[in-house]
Amino acid sequence: MIFCAVLGLLAIVFLFLYLRVRIKLCRLVQSADDFLTGQAAPVPYSVSEDALAPVQNAISDLQSRIRLLEDMKKEAHASANNMISDISHQLKTPLASVRLFTEMDAGAHMDVSLTQIERMENLIQSLLKLERLCADGYAFTFEETNAFDIVMDAWNAVSPSYPGRKIEIVGNAAIRADQKWLSEAYMNLFKNSLEHMDESGVVRVTLEKGENTFFSSVSDVGGGVLKEELTRIFDRFYRSKTRTGSGSGIGLSLTREIIRRHHGSIHAENIPGGLRINLTLPILNLSKS
């Protein structure tokens, strides 16, 4: 009888200790999750001698290292932004002077010179914008918006320079995005397509909303690219060997960075007679602003 009582008491003590450890472990897990989502401070360092103290201290140490890396990343981004601003100033000032003197001289090759100066200015602007995007130098504002409207705004901004080309849009979707930047992404995709099509060309755009994902594609009839180029066309300064055009090789790189900032993905594929670029963006809960 005494043995059974002692055994029962030990079982109760064991259950109590088990539940106590389990509750503390659950709290540690919850604290770690809250820290990763930015909802809580780091787990404090433990000076106790219980069994979970080493686990808690390991989590605390790991979180301290994460915060240190984040601080270093912010400092690196700030330094990169300052450097980009300095480079921008140093490049734009002499170009502006060259433009001024070219216009004042009004020589026989003035128009050609001004065209090349403008091309250089656009290239510098695009490259600096790309570098600043890569350095998280722009603040993105995500708001509920209409994908069809974004596509049309982008098309209306680009199409006047390519008369005769048409657009076909299938579908629509309400998404959360930075309207300005996503519109620029579509503008770059349209420029890439329009530069490689004749005046009878048609750009086809699809907009489809899944349960948790927004799918979109931009297709052209300007001829595809070599199979080995499908991933390289998003590299800066890369220009396909099979598609002619006056592009700088920056537009698709900009688009990729914009899509990455939207936590999405982008890839290209050949289709009969042309190229299709597919975008995938996650859909956030539109009821939560």
**Student:** Taking distance alone, no hydrogens or angles, what donor-acceptor pairs closer than 3.5 Å link side-chain atoms of residues 252-259 to residues at least two apart or in another chain?
**Tutor:**
{"unit_1": "Ser253", "atom_1": "OG", "unit_2": "Phe234", "atom_2": "O", "d": "2.7"}
{"unit_1": "Ser253", "atom_1": "OG", "unit_2": "Asp235", "atom_2": "O", "d": "3.4"}
{"unit_1": "Ser253", "atom_1": "OG", "unit_2": "Arg236", "atom_2": "N", "d": "2.9"}
{"unit_1": "Thr255", "atom_1": "OG1", "unit_2": "Ala185", "atom_2": "O", "d": "3.3"}
{"unit_1": "Thr255", "atom_1": "OG1", "unit_2": "Gly251", "atom_2": "O", "d": "3.1"}
{"unit_1": "Arg256", "atom_1": "NH2", "unit_2": "Phe234", "atom_2": "O", "d": "3.1"}
{"unit_1": "Glu257", "atom_1": "OE2", "unit_2": "Arg260", "atom_2": "NH1", "d": "3.0"}

**Student:** Kindly indicate whether the side chain of Leu281, heavy atoms from C-beta on, has any atom under 4.5 Å from the side chain of Arg176.
**Tutor:** no
**Student:** Any chain of hydrophobic side-chain contacts (each under 4.5 Å) joining Tyr186 to Phe215?
**Tutor:** no
**Student:** For Gly210 versus Ile283, what's the shortest heavy-atom pair and its separation?
**Tutor:** O-CD1, 3.8 Å
**Student:** Transitively linked via ILVMFWY side-chain contacts under 4.5 Å: Tyr238 with Leu230?
**Tutor:** yes
**Student:** Which atom names give the shortest non-hydrogen contact between Ser216 and Leu207, and what distance separates them?
**Tutor:** OG-CD2, 3.5 Å
**Student:** Do side-chain atoms of Asp178 reach the backbone of Thr141 as a donor and acceptor pair under 3.5 angstrom?
**Tutor:** yes
**Student:** Does Asn270 reach the main-chain N or O of Val225 with its side chain, forming a donor-acceptor pair under 3.5 Å?
**Tutor:** yes
**Student:** Without hydrogens or angle criteria, can the side chains of Thr213 and Thr280 be said to hold a donor-acceptor pair below 3.5 Å?
**Tutor:**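 No, no side-chain donor-acceptor pair sits under 3.5 Å.
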**Student:** Is it true that a side-chain atom of Asn156 and a backbone atom of Met152 form a donor plus acceptor pair closer than 3.5 Å?
**Tutor:**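 Present.
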**Student:** Show, in sequence, the C-alpha distance, side-chain angles and deciding distance for Glu269 and Arg276, and conclude whether the salt bridge (charged side-chain N to carboxylate O under 4.0 Å, His left out) test is met.
**Tutor:** CA-CA 5 Å; Glu269 62 179 335; Arg276 177 162 60 210; 2.9 Å; yes
**Student:** Quick test of your reading: applying salt bridge (charged side-chain N to carboxylate O under 4.0 Å, His left out), list the pairs with at least one residue in residues 162-173, sequence neighbours left out, ordered by first then second residue.
**Tutor:** Glu168-Arg204
**Student:** Using ring-ring contact (aromatic ring centres under 6.0 Å, His included) as the criterion, list what pairs up with Trp155, not counting sequence neighbours.
**Tutor:**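 Testing Trp155 for ring-ring contact (aromatic ring centres under 6.0 Å, His included), a comparison that skips the adjacent residues, returns Phe190.
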**Student:** Can any side-chain N or O of Asp220 pair as donor or acceptor with the backbone N or O of Val203 at less than 3.5 Å?
**Tutor:**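 Answer holds: no.
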**Student:** Any sub-3.5 Å donor-acceptor pair from Asp149's side-chain atoms to Thr145's backbone N or O?
**Tutor:** no
**Student:** Can you classify the ring geometry of Phe140 versus His262 as parallel (below 30°), tilted (30 to 60°) or perpendicular (above 60°)?
**Tutor:** perpendicular
**Student:** Checking the side chain of Asn172 only, and the main-chain atoms of Phe148 only, is there a donor and an acceptor separated by less than 3.5 Å?
**Tutor:** yes
**Student:** Drop me the distance from Ile167's CD1 to Ser193's OG, to the nearest 0.5 angstrom.
**Tutor:** 9.5 Å
**Student:** Under 3.5 Å, is there a donor on one side chain and an acceptor on the other for Glu199 and Tyr162?
**Tutor:**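 Their side chains do not contain a donor-acceptor pair, so the 3.5 Å distance test is not met.
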